[in-house]
Amino acid sequence: MNGSGNGNGKENGYGKRVKVESEVARKKIKTEGEKKRRVKREQKEEEEAEEYEWWRDQNGDKDDTIRWTQLEHQGVLFPPEYVPHGVPILYDGEKVYLEPEIEELVGFFAALLETEHGANPTFQRNFFNELKLLMSKSKRKYPIKEFSRCDFRPMYEYFQKQKEEKKQMSKEEKAALLEERKMIEEKYGYCILDGRREKVGNFRIEPPGLFRGRGAHPKTGCYKRRVRAEQITINIGKDAKIPEPPKGSKWGNVIHDQTVTWLAMWKENVNDNTKYVFLAAGSSLKGQSDLKKYEKARELKKHIVRIRKDYMAALTSSDGKTRQRATALYLIDRFALRAGNEKGDDQADTVGCCSLRYEHVTFEDGKVVFDFLGKDSIRYYNKVEVHPAVYRNLVSFQRAAKTPGNLLFSLINTVELNKHLSSLMPGLSAKVFRTYNASHTFQQELEKQDVTPASSIHELTLAYNRANRQVAVLCNHQRAVAKNFSGQLSKIADRLMGLRYECRRHIDLLKPNLTDLSLADRAKYDLAPFEQACRDDPDRPITTEWLYSYFADLLTKDIERLEKKKASDATQSNLDSIEEKLASLSSELSTLNSKKEALSSSKSSKPYIPEMYRLTFNSIDKSFSTIQRLYTRIVATKTALVDKDENKTTALGTSKINYIDPRITVSWCKKFDIPVEKFFPKTLREKFKWAMHADKNFKF
DNA sequence: GCTTCCGACTCAGAAATATAATA
DNA sequence: TTATTATATTTCTGAGTCGGAAG
C-alpha cells in the first residue's frame, strides 16, 4: 500500500485526541485501546494483501469492451437441501401434516407470520394460491381450502424455538460454525482475474422462499423456487477449469464472454429477472467503474453552467416537447429526481421524473407539492418553490393531462431525455446529475461546517454527519423507524425533563438572593436564558405525579448504588453509615409511594420532596455555576433529541456508498487530521481503495 | 426508423450479524 | 462480571437506470 494513504491513520490515531480526564474515562481507554488494536489489525490485513494499484495505470483510451483476459473461479454455492421437520399446521383447529415439498412452502409463510409480509393480503393471497397449486399436484388429499381457516402458529412457534436454541449455542459450537463459514468463503469467495486474486461478491445461490416485493407489488408472496445447476450459466475463462456442479447435475451452460463481468447467471422464476454473480465491491473491476462514475460527474461540472442556461431558456420554448424536456431536466437537476422509466403492470406502481402523473403534483401557496412513491416505494414528499416558468409549465402539463392516471410529461421519455443529455456532454445521462449534485452538495456543506483541525473528534464527526445528512435528504434516502424508537426518544425526553426541573429549582433557589445586589452585579447573573431553557415542554408538563416518579427513580438508583457498595467494599467502619443511609432512602421511597397513591384521591397542591433531595442555598456563585452546568446539559440533550429525531427516517449509508465521491472524505480527513476509519468502515475502505491517496487539496 | 425487449450493471432498504454500551 | 440492549456494519436481494439488440 502506498505510504501517504495508509500512513495517515497511524500518525493521526485516536491517542492524540483522547483526553484522560477522569477515572470514569479509564474504562473508555481500555475499549479505545482495544479498538485501536482492532483497527491496526485490519490495517495490517489491508497492507498484507498483495496489492495491484490499478488506478495508477489507467489509460483512458484502452479498449473497454474487453473486461478481462483471465478468469478462474469456483462457481456458486447452493443452499442446503430441505430437511423436513414434521411440524403440522392447524386447519379448523385440526392438525394437518404436510409432505416435505408442501411443508417447506408453508414454512416460508409461517416464518413470516409476525412480519408485515405475513399480514399483507396480497402476500397471503399469492402464497395461498401457490399452496393450492402444490396441493392439487399432490397425490395426497389435503382438507385445506381457505386461508382464513389455517393456523400457522405451531410451525411459527417451532421456528421461534429453533431460533432460541441457536442463540443458546455454546461458544465452541458457534466457533465451529464460524470456522465452516470461513472455509466456504475461502473456497468460493475468491477468483483469479487477470493473474490477481479478487473477491467474489454474492457466490451464494439465493435460497427458495416467498418473493418479498417492496410496497404494493402484485407478485409479492409468490413462490421463489429453488435454483438448480441446470438453470445456471457459468461465465469463465477459456483455459480455466470448469467448476464441478453438484453431484448428478450439470450446468445449464458454460460460456467465455470477456465483455461482461459476471461469473454466473440464472433466471429467477417470479419476475423472470436475471440474477448475476458479480465480483465484490472492493474488486478492481467495480472500483474502475466507480472511479469512472465520479470522473464523469466531475466532467459535468465543466458543463453544468451551460446546460442549466440551456434548459432554463428552453422552459419557455414554443415547442411543447422542448418545454417538457426542459422542465423535467430542471426537476432532475434541482431535486435530484430519478429519470423515471416506464414500468409494467406486474410491478409496484412507483414513478420517477418522466413517469410522474397528474395526481403526483399539486399547487399550494404558490409552491409545488410533489407527493409520489419512488424507487422501493419510498414516499417522496416535497413542497418547493420553483422558477415561475417551471410553475407555469407544470400547471399547464397537468391541465393537459386532464385526469389522474395520465402522464404529466406526455411528450417525452427517458430514452429521449438521455439522448438529448448525451448530445450536451458525451456520456451524460439523468443519473449523473444525482451523483454530481450529491457530491457537490456534500463538499459545500462540509465547507460550511464550523470546525477547525483543532476541533474534537466528536465535533468533526458531527460536522461530517451533518453534511452527509444534507445529501441523504436531497436524495430522499429513507429507512424504517427503529423498533423501539419512541421508547428511546421518551427516555431522552424524560432525562431532559429531569434536567429542566433541576435547573428550575436551582433558579428558584438563587433568585431571592439576587434582590439585594446592585443593578450592575445583578446583570452579571442574568437568569433569563436559563429560565427560558427550563420552561416546560407543553407536550410534557411537569406534574406532581411525574415528580414523584422522578424522585422514586433517583431513590431507587441511589439504593442500588449503596447496595453494591455494601456488597463490594464495605469495611466495618463505613458499614454502619451505609446501612443508615439505606434505611432512610427506603423509608423515603415508601413515603413517596404512599404519597403517590394518595395523589389520585386527594389533590394536595404542594409536592413532597424527599429530604435528601431538598436544596439548600450556599453561595450565589456556586448556585449560578450549577445552573450554568445544567443549562449546558439541557442544550446538549435537546440537540441529541433533535438529532435523533432527524435521523429517525434518514439513511446516511446509501449516499455515502453510492453518491459521495470518497476522495472528498479522504481529503477532508487529511486536512482535519482525523483518521478515515472514522467514516469508512473496513468494507468501504476496501471499496474505496482507489480514493485513499487523494490529495488533501482535492476538489470534487 | 420506430418501438419494445432485455441484458448488464448500479443503487436501495431490510434483515442478519457483529460490536459496543449499559444495567 | 455477565446478560441485555442499542448501535454499527455487512449481507442479501429487490428495484432502478440505460444502452443496444430485436422485431
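FYI, side chains are in, hydrogens and waters are out, and symmetry mates aren't considered; it's all heavy atoms of this structure. Here is the naming used below: chain letters follow the sequence lines, and residue numbers restart at 1 for every chain.
Across all strands, A:L112 comes closer than 4.0 Å to no nucleic acid atom at all (heavy-atom distances). At the heavy-atom level, A:Q347 lies nowhere under 4.0 Å from the strands shown. A:G653 comes within 4.0 angstrom of no nucleic acid atom, judged by non-hydrogen atoms across all strands. If you check every strand for non-hydrogen atoms under 4.0 Å, A:G213 touches sugar and phosphate atoms only. At a threshold of 4.0 angstrom between heavy atoms, the contacts of A:K267 are confined to the sugar-phosphate backbone, with no base atom among them. Heavy atoms of A:F278 sit under 4.0 angstrom from at least one base atom. Counting any heavy atom pair closer than 4.0 Å across all strands shown, A:N418 reaches sugar-phosphate atoms only and no base atom. Nucleic acid contact for A:S289: sugar-phosphate only, since backbone atoms but no base atoms lie under 4.0 Å from a heavy atom of the residue. Within 4.0 Å (heavy atoms only), A:A430 reaches sugar-phosphate atoms of the nucleic acid but no base atom. Looking at heavy-atom distances under 4.0 Å, A:A480 makes contact with sugar-phosphate atoms alone, never a base. Residue contacts for A:R338: at a heavy-atom cut-off of 4.0 Å it reaches the sugar-phosphate backbone alone, with no base atom in range.
Taking the six-membered ring where the residue is Trp, A:Y188 and A:F203 present parallel rings, their angle staying beneath 30° rather than reaching 60°. Between A:Y436 and A:H440, the angle of the ring planes stays under 30°, which puts this pair in the parallel group of the 30/60° scheme.
Between A:Y276 and A:D376, the residue whose closest nucleotide on DNA chain B is further toward the 5' end is A:Y276. For the pair A:C475 and A:N413, nearest-nucleotide mapping onto DNA chain B gives the more 5' position to A:N413. Ranked by how close their nearest DNA chain C nucleotide is to the 5' end, A:K419 and A:H217 are led by A:H217. Comparing A:T683 and A:G340 along DNA chain C, the residue whose closest nucleotide (by nearest heavy atom) sits nearer the 5' end is A:T683.
Per the geometry, NZ belonging to A:K292 stands 16 Å off P belonging to B:dA8, to the nearest Å. One atom, CG of A:L263, and another, P of B:dA8, lie 13 Å apart when rounded to the nearest Å. Atom P of nucleotide B:dA12 and atom OH of A:Y380 are separated by 14 Å, given to the nearest angstrom. Between the NZ atom of A:K687 and the P atom of C:dT9 there is a distance of 16 Å, given to the nearest Å. Atom pair A:I378:CD1 and B:dA12:P shows a separation of 10 Å (rounding to whole Å applied). What separates CZ of A:R434 from P of C:dT17 is a distance of 9 Å, to the nearest Å. We find that CG of A:D661 is positioned 17 Å from C1' of B:dC11, with the value rounded to whole Å. Taking atom NZ of A:K648 as the reference point, atom P of C:dT7 lies 15 Å away to the nearest angstrom.
Phosphate contact (OP1/OP2 of B:dC11, side-chain N/O of A:K375, threshold under 4.0 Å): absent. Considering only side-chain N and O atoms, A:K293 lies under 4.0 angstrom from the phosphate OP1 or OP2 of B:dC11. Within the 4.0 Å cut-off from OP1 or OP2 of C:dC18, at least one side-chain nitrogen or oxygen of A:S429 is found. Side-chain N/O atoms of A:T261 include none lying less than 4.0 angstrom from OP1 or OP2 on B:dA8. In this structure, A:T274 does not reach the B:dA8 phosphate: none of its side-chain N or O atoms is under 4.0 Å from OP1 or OP2. Dashed line: the shortest gap from a side-chain N or O of A:R214 to OP1 or OP2 of B:dG13 is not under 4.0 Å. A close approach under 4.0 Å does not occur between any side-chain nitrogen or oxygen of A:S377 and OP1 or OP2 of C:dA15. A:N341 has a side-chain polar atom (N or O) that falls below the 4.0 Å cut-off from OP1 or OP2 of C:dT17. Phosphate contact (OP1/OP2 of C:dT9, side-chain N/O of A:K682, threshold under 4.0 Å): absent. For C:dG14, one of the phosphate oxygens OP1 or OP2 lies less than 4.0 angstrom from a side-chain nitrogen or oxygen of A:K224.
Side-chain proximity of A:N658 to the nucleotides C:dT13, B:dC9, B:dC11 is greatest for B:dC11. Distance from the side chain of A:Y659 is smallest to B:dA12 among B:dA15, B:dA12, C:dC12. Side chain of A:F211, nearest nucleotide from C:dA15, B:dC11, B:dA14: C:dA15. With distances taken from any side-chain atom of A:W262 to the nucleotides C:dT13, C:dC18, B:dC9, the minimum falls on B:dC9.
Checking each of A:Y381, A:Y380, A:F335 against A:F372 for a ring pair (Phe, Tyr, Trp, His ring centres under 6.0 Å) leaves exactly one that passes, namely A:Y380.
Counting heavy atoms from C-beta outward, A:V254 and A:H256 have side chains that approach closer than 4.5 Å.
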Full working for side chain to side chain contact (heavy atoms under 4.5 Å, CB included) between A:L105 and A:Y223: CA-CA 8 Å; A:L105 175 70; A:Y223 185 12; 3.7 Å; yes
A:D349 vs A:K343, salt bridge (Lys or Arg N to Asp or Glu O under 4.0 Å): CA-CA, chis, key distance, verdict: CA-CA 8 Å; A:D349 175 21; A:K343 293 187 72 182; over 6 Å; no
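Of the charged side-chain nitrogens involved, none lies within less than 4.0 Å of a carboxylate oxygen, so that A:R226 and A:E206 do not count as a salt-bridged pair. Taking a cutoff of 4.0 Å between a charged side-chain nitrogen and a carboxylate oxygen, A:R225 and A:E268 do not qualify as a salt bridge.
Not a single donor-acceptor pair, N or O on each side, falls under 3.5 Å between the base of C:dC18 and the side chain of A:K431.
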